[in-house]
Amino acid sequence: MALVDSKKMFEMAYKNGYAIGGFNVNNMEITQGIVSAIAEEKAPLILQISRGARKYASMSYLRAIIDVAVAENPDIPIVMHLDHGDTFESCKQCVDDGFTSVMIDASKQPFEENIEVTKKVVEYAHANGVVVEAELGQLGGIEEDVVGVSTNDIHKHLTDPDQAVEFVEKTGCDSLAVACGTSHGAYKFKTEPKLAFDVIQRVAEMLPEFPLVMHGSSSVLKEFKDLINKYGGDMPDAMGVPEDAISQAAKMAVCKVNIDTDLRMALTAKIRQVFAEKPAEFDPRKYLGPGREAIKDMVAHKLHILGCAGKAAECMHSN
Ligand code: 13P
């Protein structure tokens, strides 16, 4: 089966109260870890590629890796999604490269300009059978070259539900990333985690059946944070979104939950552990292998938090 878009996934996720994981991929090991978890758990999958990933690995390598994942898992619907496209041109390039879903993130631009560029991307993408995620409101944190607002200020930049209705109507986007208190990266909160569920609820009431996306949704799992800090790392203040908050959002209108930091931390924790415990080891397979295994176990666990384990079949396209 070929790559699919996310329409059917979001329809089922919305109806049945779960969310699909949008997992970022940068290399073979990360992709294999994620894909072996979804194959075992029979979950639908969105593999997302950022502009940084395209620069790092090159699109032809990433595409070849994803093609193998698709060919080896004919019973699993898989979307190839651009994470945080910043211009019409970058989104167009990805549509032309065979992505089945693209994100245009013009959320830093004034409202009218965000509408204008999003609408242009939607027109091009839809004409080519590709779906579009857009963003309104601003997240905190840093993700590669996407710099958000300071974590102190994120509650000043939450999505305005009234604007969300106008934005979706004017742009025709297929899903909307909402700012609800999360940030990219490993330092999401200074004291206690706090999400604006009222924003999600209000947008959902005003845009019934419209799929929302939650970025910045890694949990910064204690297991990996502790390993990193134990084996020479320095992330004492890292803090993520609690998993019960992720499950709660998934039961609401949030149909896609973005996870990158948890993948990075799983891989880093295991590599650090091998380096510390076996300093004579120099075979990359001996440290990337355990990293890949840790990613697989972590993703399998996440699929249950999101509620999408076992949902691959119902998300398959009928055509
Ligand atoms: P995390 O940094 O929380 O993993 O978020 C990733 C993300 O939102 C990618 O768009």
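Predicted model only: the values in this text are computed from it and were never measured. Every number for a ligand or one of its atoms is a count from 1 in the order of the listing. Only this structure's heavy atoms are used, side chains among them; waters, hydrogens and symmetry mates stay out.
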message = With heavy-atom distances below 4.0 Å as the criterion, list the atoms of ligand 1 near H84.
response = 10 (O)
message = Classify the ring geometry of F167 against F111: parallel below 30°, tilted from 30° to 60°, perpendicular beyond 60°.
response = tilted
remark   = So the atoms of ligand 1 within less than 4.0 Å of a heavy atom of G185 turn out to be 2 (O)
D262 N/O under 3.5 Å from ligand 1 N/O = no
request  = Would you please indicate if the ring centroids of Y287 and F275 are separated by under 6.0 Å?
outcome  = yes
ask   = Which is it for N24 and ligand 1 at heavy atoms under 4.0 Å: side chain, backbone, both or neither?
value = side chain
inquiry  = I need the contact type for S217 against ligand 1. Using non-hydrogen atoms and a strict under-4.0 Å cut-off, is it side chain, backbone, both or neither?
reply    = backbone
inquiry  = Return the SG to CG distance between C255 and L212, rounded to the nearest 0.5 Å.
reply    = 7.0 Å
message = Under 4.0 Å, counting heavy atoms only: does K188 come that close to any atom of ligand 1?
response = yes
key: Check: I259 N/O within less than 3.5 Å of ligand 1 N/O   = no
query = Side chain, backbone, both or neither: which part of N258 has a heavy atom under 4.0 Å from ligand 1?
reply = both
ask   = When rounded to the nearest 0.5 angstrom, what is the spacing between CZ in R264 and CG in N26?
value = 6.0 Å
task = Any chance you could pull the hydrophobic cluster mates of M28, using side-chain heavy atoms under 4.5 angstrom and chaining through other members?
result = I65
ask   = Between atom SG of C91 and atom OH of Y124, what is the distance when rounded to the nearest 0.5 Å?
value = 11.5 Å
message = Could you report the tightest heavy-atom contact between I76 and A312, atom names first, then the distance?
response = CD1-CB, 3.8 Å
message = Within ligand 1, which atoms have a heavy atom of G216 less than 4.0 Å away?
response = 1 (P), 3 (O), 5 (O), 7 (C), 8 (O)
query = To the nearest 0.5 Å, how far apart are CE in M298 and CD1 in I34?
reply = 7.5 Å
Option with minimal heavy-atom separation from atom 2 (O) of ligand 1, where the choices are V220, V213, T261, L139 = T261
task = Could you tell me which atoms of ligand 1, counted from 1 in the order shown, lie closer than 4.0 angstrom to a heavy atom of H215?
result = 8 (O), 10 (O)
